[in-house]
Amino acid sequence: FYDRGDSVVFQAQIVDAATREVVRAIDEVAGPRSAPANAVEQLRQRTLGSLAALMDQRLASWKEPGGQPPSLESYRLFAEGLDHFFRANQRRQLGSDNREAARLNREAAARFVAAGGRDSSFVAPLLWAVFARQNGGELASADSLLRALNRRGDLSTWERAVLNLQLALGDWEETYRRAQELVTRSPDSEWLFVLGLAAFDTRRYGAAIEALERLNPNRGWIRDFPSYWHIRIEVRHCVGDHLGELEDVRELRARFPDDQDLPRMELIALAGLRRSGEMLTRVREGVVAQDQAIIPWLDWTVYELRAHGDRRGADRVATAALQYFASRPPSERNVRWHARRARLLDAAHRWGEARSAWAQLAAEHPETIEYRGRLGVAAARQGDRVEAERVDRWLQAVDPSSFDLNGGSLIWRARIAAQLGERDRATALVREAIARGLRYSYLLLHALEDLEPLKGYPPYDALLGPRG
């Protein structure tokens with residue numbers, strides 16, 4: 001400490017005892033010489049908060065702190081927010097009911113905002129709050145917070161770099177560039193995951209694998225983050241490394257045995273290896289146990305097998321799955337049962353039965369995009385251009401930027417156009433969907449039989465091919 005006029009200024013450092021390296025310099029605190037106790041307490045709180053953050057392994061590999069906790073209480077709120085955020089990620093599953101994950105993300109965001117609200121200089125939790133609100137579906141409030149942060153002129157270079165990445169989300173080319181900047185600043189940090197994700201979204205599969213493999217999955221918050229393994233598994237599928245894909249599925253199971261995406265990912269990896277016998281065993285075990293992590297994906301496993309050249313195996317899986325649905329009692333035959341059975345009828349090439357099922361579902365639930373889209377594809381496949389074009393006109397009125405597990409209205413229109421033989425229009429619709437933000441385009445589209453007429457067509461192949 002030292003005197004400065006009528007004040008006394010206190011400074012502190014946190015030093016690594018082994019190396020004598022200064023690992024954190026605490027912002028100085030000043031108080032009147034006549035009554036320095038308040039300044040000393042403020043310094044104590046800052047030191048405790050900074051020490052707690054340094055000891056938190058989830059933040060261990062960050063090159064820059066992104067703002068120091070002004071107190072132990074601020075850190076406590078920040079840490080609770082991180083706890084909720086990563087628990088939410090473990091609950092979020094593809095195609096599942098994600099209400100609990102959304103609740104946890106809202107809880108995380110509330111704690112992040114509370115931590116950041118205690119001192120305007122503590123920006124890190126507010127940046128995390130943006131991610132939590134986005135993951136929790138609170139897009140308007142996430143955007144409002146982003147705008148407020150963007151108006152600030154006091155952000156550090158690191159904080160501004162993170163904010164720029166958040167502002168770019170949705171534009172995956174710009175996100176990739178921003179992620180590269182962050183990794184340059186912090187080469188061994190978890191931002192390698194964001195770089196890998198952005199590389200995946202822009203079909204730079206080699207760059208995605210390089211970034212994800214550079215990242216130590218036993219370090220920092222990646223240890224608590226199953227999405228790291230999800231993306232790594234899916235990238236391997238895209239490049240045809242199905243043995244590596246299956247190994248990563250097994251690693252995911254060892255680390256997160258309750259992950260609801262595990263059965264789906266294992267089935268898809270086995271399909272890539274054309275191990276239909278094992279797939280059939282898993283399917284039979286799943287339907288006997290009524291495993292809701294397998295049953296929703298039965299049709300997709302059939303398509304994956306066909307896409308990888310195992311047509312006989314695909315037929316066997318389709319037959320076993322349809323037998324399961326036929327065995328269910330009338331009390332279980334609700335809308336979900338009818339839709340899943342209809343998808344399997346499509347996958348089994350029982351076109352007439354499938355079209356009848358989709359016609360009934362579309363009549364009973366006329367606002368459901370999937371039912372309308374599948375009815376249009378079925379009509380196009382059977383040469384009923386009038387009905388197919390009628391459905392296409394209805395889909396044209398749907399928000400083209402609204403995506404779902406099937407890709408949204410633009411992809412349904414592309415599937416109809418492909419079945420009508422309109423390759424140029426189908427390709428243009430896929431291109432528009434990707435431009436509007438369709439993610440994981442190859443992973444979503446490569447196994448869709450409705451788009452088979454486009455394969456080998458250079459403009460379409462260029463949309464899905466790897467870029468590096």
Side-chain angles (χ1 to χ4, degrees), residues 94-95 205 230 232-253 261-289 291 293-327 340-354 374 377-378 381 405-407 411 415 418-419 440-457 460-461 464-466:
L94 186 60
Y205 302 131
H230 294 178
R232 182 165 153 158
I233 288 163
E234 288 166 351
V235 173
R236 292 200 192 282
H237 191 80
C238 289
V239 299
D241 178 13
H242 301 303
L243 278 174
E245 179 185 3
L246 189 57
E247 288 173 4
D248 282 350
V249 169
R250 289 169 178 164
E251 186 66 28
L252 174 63
R253 175 175 283 112
D261 275 338
L262 271 167
R264 173 183 67 86
M265 290 183 159
E266 182 181 38
L267 289 171
I268 290 175
L270 290 171
L273 293 168
R274 299 178 63 176
R275 286 157 60 170
S276 57
E278 289 178 61
M279 284 186 73
L280 192 58
T281 299
R282 300 285 193 282
V283 166
R284 285 173 173 157
E285 291 171 347
V287 298
V288 167
D291 187 344
I294 287 181
I295 290 170
W297 302 101
L298 291 173
D299 62 312
W300 201 254
T301 64
V302 175
Y303 290 129
E304 283 284 347
L305 276 169
R306 285 217 186 91
H308 293 283
D310 190 351
R311 296 185 177 275
R312 183 171 177 273
D315 292 342
R316 292 169 65 203
V317 172
T319 298
L322 283 167
Q323 286 171 348
Y324 161 76
F325 277 92
S327 72
R340 287 176 176 173
R341 176 177 175 274
R343 293 185 196 115
L344 277 165
L345 290 170
D346 267 334
H349 294 179
R350 289 162 61 172
W351 311 124
E353 293 173 79
R374 289 190 184 274
V377 173
R381 190 183 291 279
L405 292 177
N406 297 296
I411 297 302
R415 292 165 77 165
Q419 287 299 312
Y440 317 145
S441 52
Y442 175 84
L443 196 69
L444 173 68
L445 303 178
H446 83 283
L448 290 181
E449 288 188 318
D450 299 337
L451 297 178
E452 281 289 328
L454 303 183
K455 291 182 179 178
Y457 182 50
Y460 177 75
D461 291 343
L464 301 188

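FYI, side chains are in, hydrogens and waters are out, and symmetry mates aren't considered; it's all heavy atoms of this structure. The model shown is predicted, which means the values in this text are computed figures rather than measured ones.
Counting heavy atoms from C-beta on, the side chains of E245 and V235 never come closer than 4.5 Å. Using a 4.5 Å heavy-atom threshold, the side chains of E247 and R236 count as separate. At a threshold of 4.5 Å between non-hydrogen side-chain atoms, the residues Y205 and D241 do not count as touching. Proximity of L252 to H230: side-chain heavy atoms (C-beta onward) are separated by under 4.5 Å at one or more points. With a 4.5 Å cut-off on side-chain heavy atoms, R381 and D450 count as touching. Residues R282 and L267 meet the side-chain proximity criterion, which asks for heavy atoms closer than 4.5 Å. Using a 4.5 Å heavy-atom threshold, the side chains of E449 and R415 count as separate.
The two residues A314 and V302 come nearest to each other via the heavy atoms CB-O, 3.6 Å. Nearest approach of L246 to E266, heavy atoms of both residues: CD1-CG, 4.2 Å. Heavy atoms only, all atoms of each residue included: W351 and D346 are closest at CZ3-O, 3.3 Å. D291 approaches P263 most closely through the heavy-atom pair OD2-CG, 4.4 Å. For A354 against L345, the heavy-atom pair with the smallest separation is CB-CB, 3.8 Å. Across A348 and A318, no two heavy atoms sit closer than the pair CB-CB, 4.0 Å.
Using a 4.0 Å cut-off between charged side-chain N and carboxylate O, E452 and K455 make a salt bridge. Comment: E251 does not engage R232 in a salt bridge, judged by the lack of any side-chain N to carboxylate O separation of less than 4.0 angstrom.
Between the side chain of R264 and the backbone N or O of P296 there is no donor-acceptor pair closer than 3.5 Å. Not a single donor-acceptor pair under 3.5 Å links the side chain of R284 to the backbone N or O of A320.
Side-chain contact annotation: H237 with E234, donor-acceptor N/O pair under 3.5 Å absent.
For the atom pair Y460 OH and L445 CG, the distance stands at 5.0 Å (nearest 0.5 Å). The CG atom of L448 sits 4.5 Å away from the CH2 atom of W300 when rounded to the nearest 0.5 Å. Separation of atoms CD (E278) and OG1 (T281) is listed at 7.5 Å; rounding is to 0.5 Å.
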